[in-house]
Colleague: 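Here it is, the structure, as structure tokens.
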Amino acid sequence: MDRSHAPEPAPGSVAGVEETAGVAEPLHRALGLTDEENEAITALLGREGNELETAMFAVMWSEHCSYKSSRVHLRRLPSEGPRVLVGPGENAGVIDAGDGLALAIRIESHNHPSAIEPYQGAATGVGGILRDIFTMGARPIALMDPLRFGPLEDPRSRWIFEGVVRGISGYGNSVGVPTVGGELVFDPTYTGNPLVNVLCLGILPIDRLVLSAASGVGNLAVLLGSRTGRDGIGGASVLASAGFEEGSAAKRPSVQVGDPFEEKRLIEACLELLQSGLVVGIQDLGAAGLTGATSETAGKGNVGMDVDIRSVHLREEGMEPFEIMTSESQERMLAIVTPADLDQVMEVCSRWEVRASVIGKVTGTSSLRVLDGWDGPVLADVPALALGEDRPLYHRPLAAPADLDARRELNALGALRAPGPGESEDDLKSMLMDTGPVWSQYDHQLFLNTVVGPGSDAVVLRLKGPGVNSVDSDPLGRAGSDRGLALSTDGNGRWCSVDPRVGTAWLVAESALNVACGGGEPVALVNCLNFGNPEHPEVMWQLSESIDGMAEACTALSIPVIGGNVSLYNESAGVDIDPTPVVAVLGLVPRLERRPPAVGLVEDQSIILLGARDESQGPGALDGSAWAARRGHRAGALVPVDYEAHAALLGLVAALAVDGLLGGLHDISDGGIALALAEMAVASGVGAAIGGVRDHAELWSEAPSRVLACTADPLGVLDRARAAGVPGLVLGSAGGTRIGVEGLLDLELDEAVGAWRSRLSG
Amino acid sequence: MAATVGVVVFPGSNCEHDAVEAIEALGGTARIVWHGSADLGGLDAVILPGGFAHGDYLRPGAIARFSPVMEAVGEFARSGGPVVGICNGFQVLTEARLLPGALQKNAGLRFLCREATVRVERTDTALTSGTNVGDQLVLSINHFDGNYLADPETRRRLAEEGMVALRYVGNPNGSMDDIAGICNPEGNVVGLMPHPERACDPLTGGTDGAVLIGSLLASAGVRTSY
């Protein structure tokens, strides 16, 4: 199928439905459906869809909701594992964490809304991901935000960056869920199209796990939360499923507005309803609003549903049925309850000051019907399953870039001269960034779980949540709360633009290694796949390659992929972003007797390199590196991950972290050994003097499977490394007022700290 | 019997679980008190925890002061009962006029979640009885509206009657006279912006807050023995 002729929504209209002067086009096209898709709808219904029905199909069959371009590839990801309770396809992935506890996790993008209205775009991204988690019956205990913007020197990028951070801070802090970490990257590829991804993690007693299916003919669908308004009409189809061009401010009405206080009460009310067993099924209203929630709950339960739009509380008069059914107004949930429990449900909602009204009834048919009054005319009548199950599936054409082979030959080591005097010091200073000014705006401590917060390799939290296992009256007592979890989000558009397959494998490897640095054993992965326009064959090739790389790495490292989100059409003015899959690896920490080693150095301790050195000394050592990119070189071939060696390193590092043998620890990734060492030094205010690094290639190489460790017991650590089959080498020691790498780098610690601090505050 | 501390929950409060956890870890008993309740039912002390009561709509604490429970908290405070407002709870106490002054936006116009060092200024209060004047404690602050302000008259009164309980060492938010926490002249009502409940566990926020929560439990216990 070719969508390249599908028109953009008409500028200046709310949902692209209104026609601008002189431009007449069929309704389905204005709503983003192709002619072929419209024919498929006619075939499914046995007649042409009316305006409301067409609008409902348009949102459900949008790229954002239907994954029509990516589904065929996503199937290749491994999703099975001994701990997996819920895999991809539900609101969130869920794993068995032991001790009767489960963890629910999901990551999503809110890229396009954030580009248009940074504060609300980011805020509603937080709100939406929270609902995905408590829909499963889980108490949200942590948020993370991987963020990517254009360069800080670009005023518009700075405006977006600051607005997004304020939006996350304003919503996340107020809604009462700690934002414990994330990523912050500035790169020209994101100038027109920032990436705002949001992850949420929740905890629940396993037996409280609920899914979103409706069941029981005669049961009631109760809409909880905010009134429905005109905000976010068609957000999924207008914003998330098309690229940007000049004048995108006209799409601002498609951005929703968030209310964290409403969401906070909704969380508490829904968790109380779930804990009391008062709901049969529950579903959040996200993209596609009421259409999505009603069709999904009915479809999954193999039942029908009648929805009375007159029973929906509205924000304003005169809303059209299609607006009510596709509005993406925030802070709304749909609960399926039995008539017998309705009074109790209303009582709980009333105590939490949450609006609740019966808007639907489960029927014995398979139809989703929209009614104008319970006994009024039928406005829409569609098979509930058709909106979801019968969504289109595209095998879009994919093609590797024509110059791929030539680019792979261009290795950075051969193409770029070795650095002259002072150059390495400047390179290093340009890469240092203290992210404290961002994360100090987030409450990252609430719930008293944050053992390692933002700014480290992985976040480490206690395995504990209010209403689950935090105080004596909770259902599980304090079971499991002496254990921990580690979590890391990782993306790298630079690696993936050089090689989307190996680059994504590097990401999985890095994320798992970060988790190991926190003492965690990786148990699951979720992903947020940020790519360009899927109608460009090269973008589809990038997506397909990236998924293959992820599948390969996850299979080799036995990390099941339990959920994901695909964000396409990340482009501006016809230029696609660098392929930027973001992965989040979740790990379990068996014991939490002490804090895992910090990203830091301890005076007089030894600095050890753990991991093989071959690849970081080979001809491809600098390909994909920040050092090469700083010189405009973005080509070459990434070295493959040696999974056996990587698995051995993961086990060793996690054990060393838990056993307390290390005074400091940091994985080697962006910026190579140089940046890893400097970050350890500036974070602790302790200098370092090392040697044994062969050349500038090894200094800046980002080849995977290596860490720097700081320890008072180098022989003990080397023994453990030898036993684990991991190469280890003492490079030097911590201390002094300089960051020195013999023959390659010499920088005053104060100067490094100054550069680190001033990056964001300057 | 262990002292029972009531932790008041308004819609939008979010630090109630943390307060309960800290109290129980230090051997006290905690009980959640819903804001709609007009009766404290024999509690030995009250904590108004942090969060965003009523979404901080209008301004922090402005709506919470009208909750039925605040009448009971006021009576409890006037009868000498220990009452501590933490962060949003401090804001509620000022709006309810149980403590003077007000808390405005931080000088940097940013939300701040970070460590702050405070110095103890007065020890005969419900929160600081276990400390010595001059003790320095490292606690977390977590607020947008923590910049304490009072009119000149109140400022003079704070000084004359020794109503400043804690001062920042290195003022993070522009607070007048580095004020981090104040109390009423009797010392039984204390409000502070830093979160002592976040500093009762060496693995998470350090342990400097334990002496403050412990002091509260002690004052609650003293009250029980009357």
Side-chain angles (χ1 to χ4, degrees), chain A residues 139 162 165-166 168-170 172-179 259-265 267-269 351-354 436-454 460-462 464-468 470-474 478 481-482 484 592-596, chain B residues 7 9-25 29-32 34-37 49-57 60 63 87-88 106 108-116 139-145 172 194-195 197-206 209:
Chain A
R139 159 73 66 178
E162 289 179 355
V165 169
R166 278 192 301 111
I168 292 167
S169 166
N173 297 343
S174 179
V175 81
V177 179
T179 299
D259 178 351
F261 179 47
E262 182 81 46
E263 178 105 337
K264 169 68 174 168
R265 298 187 328 270
I267 293 176
E268 300 302 335
R351 183 152 32 83
W352 285 106
E353 302 173 22
V354 167
V438 169
W439 55 254
S440 63
Q441 297 179 59
Y442 306 150
D443 180 352
H444 52 272
Q445 303 166 332
L446 188 69
F447 302 147
L448 310 181
N449 287 340
T450 311
V451 177
V452 178
V460 179
L461 305 178
R462 280 191 189 281
K464 167 170 82 60
V468 179
S470 68
V471 286
D472 295 345
S473 56
D474 285 338
R478 306 205 59 132
S481 60
D482 55 343
L592 258 188
E593 289 152 15
R594 58 179 71 82
R595 281 189 202 209
Chain B
V7 179
V9 176
F10 302 92
S13 296
N14 61 34
C15 297
E16 71 271 24
H17 305 288
D18 299 1
V20 168
E21 193 169 324
I23 290 162
E24 303 225 335
T29 303
R31 198 169 84 211
I32 295 286
W34 183 242
H35 80 118
S37 159
F52 292 74
H54 297 281
D56 273 3
Y57 286 166
I63 299 175
C87 196
N88 191 228
N106 294 341
L109 295 181
R110 280 191 179 183
F111 190 97
L112 284 177
C113 179
R114 47 161 278 200
E115 280 184 351
L139 304 172
S140 279
I141 57 167
N142 184 64
H143 59 245
F144 208 138
D145 299 79
H195 287 261
E197 81 282 10
R198 292 190 180 193
C200 295
D201 175 352
L203 273 191
T204 50

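Treat the numbers as computed from the prediction; the structure is a model and nothing was measured. Letters go in sequence order (proteins before strands), and every chain restarts at 1.
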Colleague: Given heavy-atom pairs under 4.5 angstrom as the criterion, report whether the side chain, backbone, both or neither of Y57(B) touches chain A.
Modeller: side chain
Colleague: At their closest point, which heavy atom of H17(B) faces which heavy atom of F447(A), and how far apart are they?
Modeller: CD2-CE2, 4.4 Å
Colleague: Find the distance between OG (S140(B)) and NE2 (H444(A)) and round it off to the nearest 0.5 Å.
Modeller: 6.5 Å
Colleague: Non-hydrogen atoms of chain B under 4.5 Å away: do they reach the side chain of N449(A), the backbone, both or neither?
Modeller: backbone
Colleague: Could you tell me which portion of E593(A) (side chain, backbone, both or neither) has an atom closer than 4.5 angstrom to a non-hydrogen atom of chain B?
Modeller: backbone
Colleague: Heavy-atom cut-off 4.5 Å, strictly under: side chain, backbone, both or neither for L461(A) against chain B?
Modeller: neither
Colleague: Could you pull out the closest heavy-atom pair between K264(A) and N14(B), with the gap in Å?
Modeller: NZ-CB, 4.0 Å
Colleague: Less than 4.5 Å to any heavy atom of chain B: does that hold for the side chain of Y442(A), its backbone, both, or neither?
Modeller: backbone
Colleague: Is it the side chain or the backbone of R595(A) that comes within 4.5 Å of chain B heavy atoms, both, or neither?
Modeller: both
Colleague: What part of D201(B) is in contact with chain A, defined as an atom under 4.5 angstrom from a non-hydrogen atom: side chain, backbone, both or neither?
Modeller: side chain
Colleague: If I compare all heavy atoms of L446(A) with all of R198(B), which pair ends up nearest, and what's the gap?
Modeller: CD1-NH2, 3.5 Å
Colleague: What part of S174(A) gets closer than 4.5 Å to chain B, counting heavy atoms only: side chain, backbone, both or neither?
Modeller: both
Colleague: Do any N or O atoms from the side chain of R110(B) and from the backbone of V438(A) form a donor-acceptor pair under 3.5 angstrom?
Modeller: no
Colleague: Could you look at E353(A) and say if it's the side chain, the backbone, both or neither that has a heavy atom under 4.5 Å from chain B?
Modeller: side chain
Colleague: Within this structure, what is the CZ-OG1 distance for the pair R462(A) and T204(B), rounded to the nearest 0.5 Å?
Modeller: 6.5 Å
Colleague: Between R478(A) and E24(B), does any NZ, NE, NH1 or NH2 come within less than 4.0 Å of an OD or OE carboxylate oxygen?
Modeller: no
Colleague: Tell me, for H195(B) versus chain A, whether the close heavy atoms (under 4.5 Å) come from the side chain, the backbone, both or neither.
Modeller: neither
